[in-house]
2 protein chains.
Amino acid sequence: MLKADPSATQVVSVARALELVELVVHGPDEGLSLAEIARTTNRSKSAILATLRTLVDFGYVRSIEPGPKYLPGMTLIRFGDLTAVKDPLGAIARPILTELSGESGLTIRVARNVGGFPVFIERVDGPGVVRFHTPLGARELPHVSSAGKAILAELSDSEIREVARECGLVSRTKKSITTVSELMAEIEKVRHDGFAIDDEEDVQGIYCIGAAIFDHFGKCIGAISATGVRRDLTPAQVNRLGKLVMKYADQVTDQLHGRKSVRGGK
Amino acid sequence: MLKADPSATQVVSVARALELVELVVHGPDEGLSLAEIARTTNRSKSAILATLRTLVDFGYVRSIEPGPKYLPGMTLIRFGDLTAVKDPLGAIARPILTELSGESGLTIRVARNVGGFPVFIERVDGPGVVRFHTPLGARELPHVSSAGKAILAELSDSEIREVARECGLVSRTKKSITTVSELMAEIEKVRHDGFAIDDEEDVQGIYCIGAAIFDHFGKCIGAISATGVRRDLTPAQVNRLGKLVMKYADQVTDQLHGRKSVRGGK
DNA sequence: TTTATCCATTCGGTATTGCCGAACACCGTT
DNA sequence: AACGGTGTTCGGCAATACCGAATGGATAAA
């Protein structure tokens, strides 16, 4: 299945430039100076300066005087937004996420199924004061996220084992699932309930509830998930919220002219 | 003020790579093929392939089989989100935008003041069914947007003329302001009211209402704007909405420990 | 004041490397 | 079977990205 060596970067200078972007994006809020960047990358200041100038030209990086210090640029916001808007799943899901967020008061996200891993592409924050990091665009761990479990539940058991092997079932909190047998039991529960739960398995104090989304082939193309703080949650609400999230996930599936899969269960 | 020639790109191969990203981002939803990209850029397929491989490695572009076709990648979403989240203005504004969106039912955005031009960095969609393009990260026209007018109103008259000269006061609809004298009269009204209106001046059928945000120096660092469809708007609502948007803008200013400027009016 | 140390920036020279074009394999259609 | 259209590989040349030294400025220490 794997075609060629995946990490065979071809254009070295472009790769180095993109590493700079990564550095700046993850850098401190005040920005990075040229010397700092040159030092951490072990490259000459002149080379870094030339690359930064190009990145600034294209808006990937912006420089602020005096200093100058370098910060992430507006083009990143622009292209990120364009990418999310162009995605048909995101376009369909957005108003539905807004509605679910309003009804539940929680932060709602929609993830795309990328090889069994959830990648969140869109988010609608709830009206609450509490905020937490719910990043977009990153490949999340499938076994400690509700969206991940919802997606896994639609795979065959052998595929689940493959994904589990790939991510290593690393532990994130005391409650994280770390063995295949535990995972299989959990998935069986998800298949029965129709929705998945992450009960502080990724981040302490945070829970998520997720449900799968399907295309017109009945293939699971992603999931919706709702995120909240654990202390606000009573056991009675779990089932209510689960049904609610499932209802809205089904709405997305409908809008995509999709249909829920009759699970093969190979 | 302008330091050096702005469009002096330094690293050609990086620039070419970023042009590729731009091409893919603005490309069709089904994606672009290698041959198509090579044709439209007048470059060899081999060079394009090498660059695309690098971009795919870093997630700026993703390739889907069969074809393969090339589409915008998840890293764009990830970095765009990170950039917006890191921005202190965006971080402060987000929950307030959510609240205002809930109270008004409109789409709310917050823009940063970039040299007199508004650049929107964050958006919260309203619960309505109607959707429209409210892009993020792009430098918008100041004279046909409410956020732009709200920002302009905090500049000196000579600075406004400078910005007007820079953007050329291009017309977008029949109602667009196209002369400096019209603009000055409009700005004077904004200064009196405390909020700005875009009444179908940018897009037919769409109106916006905006109000400025200040830092602790009293400098205008951006603006909030609410967007809706014109037909839903009664004249009585304009004033009510204006006051509402202004109230929430002031909340953002407060959270930033800012204070409204005593306008110099040079 | 002088000295020192950091910084960003400019500029040539060198060798790294990105690019082209030809050739290939692989479909579909004609 | 021959064609036009893909995506892909590879070798060789020239473009060019890189480094390092040198400059000027800014700030801090002596």
Side-chain angles (χ1 to χ4, degrees), chain A residues 1-24 27-58 60-73, chain B residues 1-24 27-58 60-73:
Chain A
M1 187 89 276
L2 306 174
K3 321 210 62 177
D5 35 353
S7 56
T9 279
Q10 311 280 338
V11 186
V12 184
S13 92
V14 172
R16 285 196 273 241
L18 300 185
E19 282 165 21
L20 283 195
V21 176
E22 196 131 4
L23 199 67
V24 171
D29 293 11
E30 329 84 57
L32 289 165
S33 72
L34 174 62
E36 285 172 323
I37 297 173
R39 240 180 287 119
T40 59
T41 55
N42 290 317
R43 308 207 295 130
S44 71
K45 285 191 289 179
S46 48
I48 299 293
L49 180 62
T51 310
L52 281 176
R53 286 232 175 93
T54 309
L55 293 174
V56 169
D57 267 9
F58 281 80
Y60 284 69
V61 167
R62 75 179 203 272
S63 72
I64 55 168
E65 306 293 340
K69 298 270 193 179
Y70 293 95
L71 288 168
Chain B
M1 184 92 281
L2 306 174
K3 320 210 60 175
D5 38 352
S7 55
T9 278
Q10 310 282 342
V11 186
V12 185
S13 92
V14 172
R16 285 195 274 240
L18 299 185
E19 282 166 22
L20 248 57
V21 176
E22 196 131 5
L23 198 68
V24 170
D29 293 9
E30 329 82 58
L32 289 165
S33 71
L34 174 62
E36 284 171 323
I37 297 173
R39 239 180 286 120
T40 60
T41 55
N42 289 318
R43 308 208 292 130
S44 69
K45 285 190 290 178
S46 47
I48 299 294
L49 180 61
T51 310
L52 281 175
R53 288 234 174 93
T54 308
L55 292 174
V56 168
D57 266 8
F58 281 79
Y60 283 68
V61 167
R62 75 178 203 272
S63 72
I64 55 168
E65 308 289 344
K69 297 272 193 178
Y70 294 94
L71 288 168

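Quick note: numbers below take in every heavy atom, side chains included, and nothing from hydrogens, waters or symmetry partners. All chains are named by letter (A, B, ...) in the order of the sequence lines, taking the proteins before the strands, and each is independently numbered beginning at 1. Just so we're clear, the structure is a prediction, and the values are computed from it rather than from any experiment.
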Item to check | Distance (rounded to the nearest 0.5 Å) between L23(B) CG and T41(B) OG1 | outcome: 7.0 Å

Next on the checklist: Rounding to an integer number of Å, can you tell me how far E36(A) CD sits from dC7(C) P?
Outcome noted: 8 Å

Item to check | Nearest heavy atoms of P72(A) and V24(A), plus distance in Å | outcome: N-CG1, 3.4 Å

Checklist entry - DNA chain C: V14(A) or S33(A), which has the more 5' nearest nucleotide? => result S33(A)

Checklist entry - For DNA chain C, whose closest nucleotide is more 5', that of P68(A) or that of S13(B)? => result P68(A)

Checklist entry - When you check the phosphate oxygens OP1 and OP2 of dA17(D), does a side-chain N or O of T51(A) lie under 4.0 Å from one of them? => result no

Item to check | From V61(B), L32(B), I64(B), D29(B), residue fulfilling side-chain contact (heavy atoms from CB on, under 4.5 Å) relative to L71(B) | outcome: I64(B)

Item to check | Nearest-0.5 Å distance that lies between atom CG in L49(B) and atom CD in Q10(A) | outcome: 7.0 Å

Checklist entry - Among the nucleotides dT8(D), dG21(C), dC18(D), which one has an atom lying closest to any side-chain atom of S44(B)? => result dG21(C)

Checklist outcome for this item: Rounded to 10°, the helix from dT1(C)-dA30(D) to dC27(C)-dG4(D) deviates from straight, judged by its five-pair end axes, by 30°

Checklist entry - Roughly, in whole Å, what's the span from OH in Y70(A) to C1' in dC7(C)? => result 12 Å

Next on the checklist: OP1 or OP2 of dC19(C) versus the side-chain N and O atoms of R16(B): is any pair under 4.0 Å?
Outcome noted: yes

Checklist entry - In whole angstroms, how far is the P atom of dA17(D) from the CG atom of L55(A)? => result 13 Å

Checklist outcome for this item: Minimal heavy-atom distance between K69(B) and G31(B), with the atoms involved, is CD-O, 3.9 Å

Checklist entry - Taking atom C1' of dT6(D) as reference, at what distance in whole Å does atom CD1 of I37(B) sit? => result 14 Å

Checklist outcome for this item: Among dT17(C), dC19(D), dA17(D), the one nearest any side-chain atom of V12(A) is dT17(C)

Item to check | R53(A) side chain near dA17(D) phosphate (N/O to OP1/OP2, under 4.0 Å) | outcome: no

Checklist entry - Looking at CZ of R16(A) and CD1 of I48(A), how far apart are the two atoms once the value is rounded to the nearest 0.5 Å? => result 9.0 Å

Next on the checklist: Would you say that L55(A) contacts V11(B) through its side chain, given a criterion of any heavy-atom pair below 4.5 Å between the two side chains?
Outcome noted: no

Item to check | Whole-Å gap separating C1' (dC18(D)) and CG (L20(A)) | outcome: 13 Å

Checklist entry - Taking the side chain of A47(B) as its heavy atoms from C-beta onward, which of dT8(D), dC20(C), dC18(D) lies nearest to it? => result dC20(C)

Next on the checklist: Tell me whether the side-chain N or O atoms of S46(B) pair up with the base of dG21(C) as donor and acceptor below 3.5 Å, since no angle test is needed here.
Outcome noted: yes

Item to check | Protein-nucleotide distance (K45(B), atom NZ; dG7(D), atom P), rounded to Å | outcome: 7 Å

Checklist entry - Starting at CG of L49(B) and ending at P of dT8(D), how long is that distance when rounded to a whole Å? => result 5 Å

Next on the checklist: Rounded to whole Å, please give me the gap between CG in L52(A) and C1' in dA17(D).
Outcome noted: 14 Å

